[in-house]
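These notes concern the structure reproduced below.
First the proteins, then the strands, lettered A, B, ... as listed; each starts at 1.
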Amino acid sequence: MTVRTRIAPSPTGDPHVGTAYIALFNQCFARQHGGQFILRIEDTDQARSTPESEQAILDSLRWLGLEWDEGPDVGGEYGPYRQSERRDEYRAYAEQLVESGHAFYCFRSPEELDAIRDARREQGLNPGIKGDLELPADEVRRRMDAGEPYVIRMKVPEEGVCEIEDMLRGTVTIDWTQIDCQILLKSDGMPTYHLANVVDDHRMGITHVIRGEEWINSAPKHRLLYDYFGWDMPTLCHMPLLRNEDGTKLSKRKNPTSIDLYERLGFMPEAVLNFLGRMGWSMPDERERFTLDEMQAEFDIHRVSLGGPVFDQAKLRWLNGLWIRETLTDEAFMDRVGDWWFSRDQLAPLVPHLKSRVETFSDIAPMASFMFSGMLDVRPEDFQHRKLEEETVRRILQFALWRLEAERHWSRDTVFADLKALAGAMGLKLGEFMFPIFVAVAGTPNSWSVVDSMGLLGPDVSRARLRHALNVLGGFSKKQAKKVEKEYAALETGE
RNA sequence: GUCCCGUUCGUCUAGUGGUUAGGACACUGCCCUUUCACGGCAGUAACAGGGGUUCGAGUCCCCUACGGGACGCCA
């Protein structure tokens, strides 16, 4: 049997280091066994999936040096590799389960579902949707004929236990009472993760599912689906979750998680991948620096340790420095730096700003240094303004950050539109409103259009600098945060 | 609230019954050096706690504590 593994990102946001982490281990496992590594796009969430995000994820994973044998961009015999293009298939499988008595149509309203959850919680049960949900056949037919929206839910045993075999943890036992009647087909006709994942993994011949630990509790649902269909279940392996410094699951609120940010800050892809390979894993000889090829050659999934590793920026920076010093010739260094940011393509958009302002070429360095930096060394006094209270400054930064975090299409124009609307909603003059944004992003109010700068710097760096500025100013206490959040919500709806 | 998973220096880890518990980042000191960085050397620092099993437990078992995760028509 040929080993086949996969990474199945959901194109709903910025390329995440966690995705790359899981992809890395899947690729290593497949290569080590002479098998194939597949990339599949799980875009069943119609509301949140975007083509831009999909492209960004593919680009980022490829930037890191990962290579999949099959995928939406490279093709393969098991396509299509985009779940939105397989939608009819899932429906057929879901209906097959209804016919075989393993699933049923469900018409419950959100209010009814909430009531079920509350009732179960009160009884000290897991609040998942479960119990007497099925309707008589004629009632189902009547409601369907009437055009009522429905979902298909899987049936789950009321008692007994489900045993899951995990490559690293051995047998995990989960009581069936903990497992809810999972929705398989949503009312929009799209499958949920659980159905689509099982169907695709089977249809694509996936033999080993290496995924994050967050999935371990839903493994019984998957086990059950494989049984209902009469399919062999792939071997499961749940990786530890990457953590923030405080031990919680890695999140962009507390850590830079976007692969693009590391690219923009001038990390070498080899170093980032190397660092991810040191998360929960080590080489047999414990060397710190190794290439993807070396990792693949020495790979052993059983060397994964289960404690959730903290994603330590300091060590990543050290490792990147090591890569620069030890692996780059002077020629390669020049090429890398040139490609990174000082290429003609990168510089071109800056020329209009620079040419009109400099008297000598040497004026460029201090003027444009913020365009080539990571976090800026800003101080609270830099944000003092003769007309703006510090409270207002903090609100401007916070609101701008929230607004820009919600922005899906990043460009000079969208950023400008966002900020202008926000300034209007806050009743501030655009010039005053922009002051703290200038300081946060450019380090000084005396620069060219900060909106242009943000367009060029990209969402990750721009947002990170706003966040940094907010921290420098002390941020908001928990109490204040609630109030400020309310104010922001009011601004948003009031427009 | 219910359940699941985890727990070696601050952090990343080595360790699969017998080790002075090793390495790396960070930190501190010294050396190199016009400075800084790099490099070299040295130092501080860990088996969560309690019970077993065993001649012997970081390693095996149980309990407790702590941490994390899941409980969505998100994945």
Side-chain angles (χ1 to χ4, degrees), chain A residues 8-13 16 18-19 40-49 83 106-110 113-114 117-118 120-130 149-153 161-162 164 166 168-170 172-180 182-197 211-221 238-250 275-289 302-322 324-326:
Chain A
S10 175
T12 53
H16 197 281
T19 307
R40 178 174 72 223
I41 294 293
E42 307 222 327
D43 56 350
T44 53
D45 184 343
Q46 304 251 262
R48 294 197 302 150
S49 297
Q83 289 186 330
C106 177
F107 297 86
R108 305 277 164 163
S109 66
L113 296 177
D114 283 344
R117 272 186 251 275
D118 290 346
R120 284 181 60 89
R121 205 185 294 270
E122 266 169 42
Q123 291 172 63
L125 300 170
N126 181 298
I129 300 302
K130 209 174 182 183
Y150 65 91
V151 299
I152 295 181
R153 286 180 186 273
V161 295
C162 178
I164 297 297
D166 181 281
L168 299 172
R169 296 156 215 264
V172 175
T173 306
I174 297 176
D175 208 295
W176 281 120
T177 58
Q178 296 298 318
I179 309 301
D180 62 303
Q182 177 63 49
I183 291 179
L184 299 176
L185 201 74
K186 301 184 261 191
S187 56
D188 67 359
M190 278 298 221
T192 54
Y193 165 87
H194 305 279
L195 205 225
N197 200 260
R211 73 223 305 190
E213 187 180 356
E214 62 215 294
W215 293 111
I216 207 162
N217 288 295
S218 40
K221 294 172 185 174
H238 294 92
M239 296 288 293
L241 258 23
L242 264 25
R243 312 276 189 97
N244 299 309
E245 264 183 73
D246 63 3
T248 51
K249 179 164 95 163
L250 193 65
F275 182 70
L276 290 174
R278 291 288 289 108
M279 297 281 92
W281 195 80
S282 61
M283 278 289 208
D285 65 358
E286 279 201 87
R287 92 189 86 139
E288 293 287 341
R289 179 167 69 76
H302 293 106
R303 291 189 65 82
V304 170
S305 56
L306 266 9
V310 171
F311 194 92
D312 180 8
Q313 304 289 328
K315 187 152 186 182
L316 171 56
R317 291 184 67 87
W318 165 79
L319 187 62
N320 197 64
L322 195 68
I324 290 175
R325 271 175 260 131
E326 294 186 354

A75(B) to U16(B) separation - C1' atoms, rounded to the nearest Å: 36 Å

For R211(A) against A219(A), the heavy-atom pair lying closest together: NH1-CB, 4.3 Å

Evaluate side-chain contact (heavy atoms from CB on, under 4.5 Å) for I174(A) paired with N217(A), printing each intermediate quantity in order. CA-CA 8 Å; I174(A) 297 176; N217(A) 288 295; 4.2 Å; yes

Tell me whether the side-chain N/O atoms of R278(A) come closer than 4.0 Å to OP1 or OP2 in U11(B). no

Per atom distances to the W318(A) side chain, the nearest of A24(B), C74(B), C12(B) is A24(B)

For I179(A), is there any backbone N or O sitting under 3.5 Å from a side-chain donor or acceptor partner on K130(A)? yes

When the C1' atoms of A57(B) and G51(B) are considered, how many whole Å apart are they? 14 Å

Rounded to whole Å, how long is the line connecting atom CD of E286(A) with atom P of A24(B)? 9 Å

Per atom distances to the Q178(A) side chain, the nearest of C3(B), C73(B), A14(B) is C3(B)

Out of U2(B), C73(B), A26(B), minimum distance to the side chain of V151(A) belongs to C73(B)

Looking only at C25(B), C38(B), G69(B), the nucleotide nearest the R325(A) side chain is C38(B)

So, OP1 or OP2 of G67(B): does either fall under 4.0 Å of a side-chain N or O from T248(A)? no

Rounded P spacing from C30(B) to G68(B) in Å: 40 Å

Spacing between H238(A) atom NE2 and G69(B) atom P, to the nearest angstrom: 16 Å

By side chain to side chain donor-acceptor pair (under 3.5 Å) - contacts of T19(A) (at least two apart): none

In whole angstrom, what separates D285(A)'s CG from G23(B)'s P? 15 Å

What's the closest nucleotide to the side chain of E288(A) if the choices are A70(B), A24(B), C74(B)? A24(B)

Starting the side chain at C-beta, find the nucleotide from G1(B), A75(B), G72(B) nearest to R117(A). G72(B)

Look at the side chain of R120(A) and the backbone N and O of I129(A), then say whether any donor-acceptor pair between them is shorter than 3.5 Å. no

Which part of the nucleic acid, if any, lies within reach of M190(A) when heavy atoms closer than 4.0 Å are counted: base, sugar-phosphate only, or nothing? nothing

Across all strands shown, which nucleotide pairs with A24(B) by Watson-Crick or G-U wobble geometry, both distances under 3.5 Å? U11(B)

Residue-phosphate contact under 4.0 Å: K221(A) side-chain N/O, A75(B) OP1/OP2: no

Work out how far the P atom of C5(B) is from that of C61(B), and round it to whole angstrom. 13 Å

Looking at the side chain of R48(A), which of U11(B), C74(B), C25(B) is the nearest nucleotide? C74(B)

Nucleotide of A75(B), U11(B), C3(B) approaching I174(A) most closely (side-chain heavy atoms): C3(B)

Which atom pair, heavy atoms only, marks the closest approach of R153(A) to L113(A)? NH2-CD2, 3.5 Å

Would you say the side chain of K315(A) and the base of A24(B) hold a donor-acceptor pair, judged only by whether the two atoms sit under 3.5 Å apart? yes

Using a 4.0 Å heavy-atom cut-off, does I183(A) contact any base of the nucleic acid, only the sugar-phosphate backbone, or nothing at all? base

I want to check one thing: is the phosphate of A14(B), taken as OP1 and OP2, less than 4.0 Å away from some side-chain N or O of S282(A)? yes

Taking only N and O in the side chain of R303(A), is any of them less than 4.0 Å away from OP1 or OP2 of U13(B)? no

For the side chain of S187(A), starting at C-beta, report the closest nucleotide among C12(B), C73(B), G68(B). C73(B)

Would you say A70(B) has OP1 or OP2 under 4.0 Å from some side-chain N or O of K249(A)? yes

What I want to find out is whether K315(A) reaches E288(A) closely enough, with some N-O distance under 4.0 Å, to be called a salt bridge. yes

Rounded to the nearest angstrom, tell me the gap between atom CG in L241(A) and atom P in C12(B). 14 Å

Donor/acceptor link under 3.5 angstrom from Q123(A) side chain onto base of G1(B): no

Give me the distance, rounded to whole Å, that separates A45(B) from A21(B) when you measure between the P atoms they each carry. 14 Å

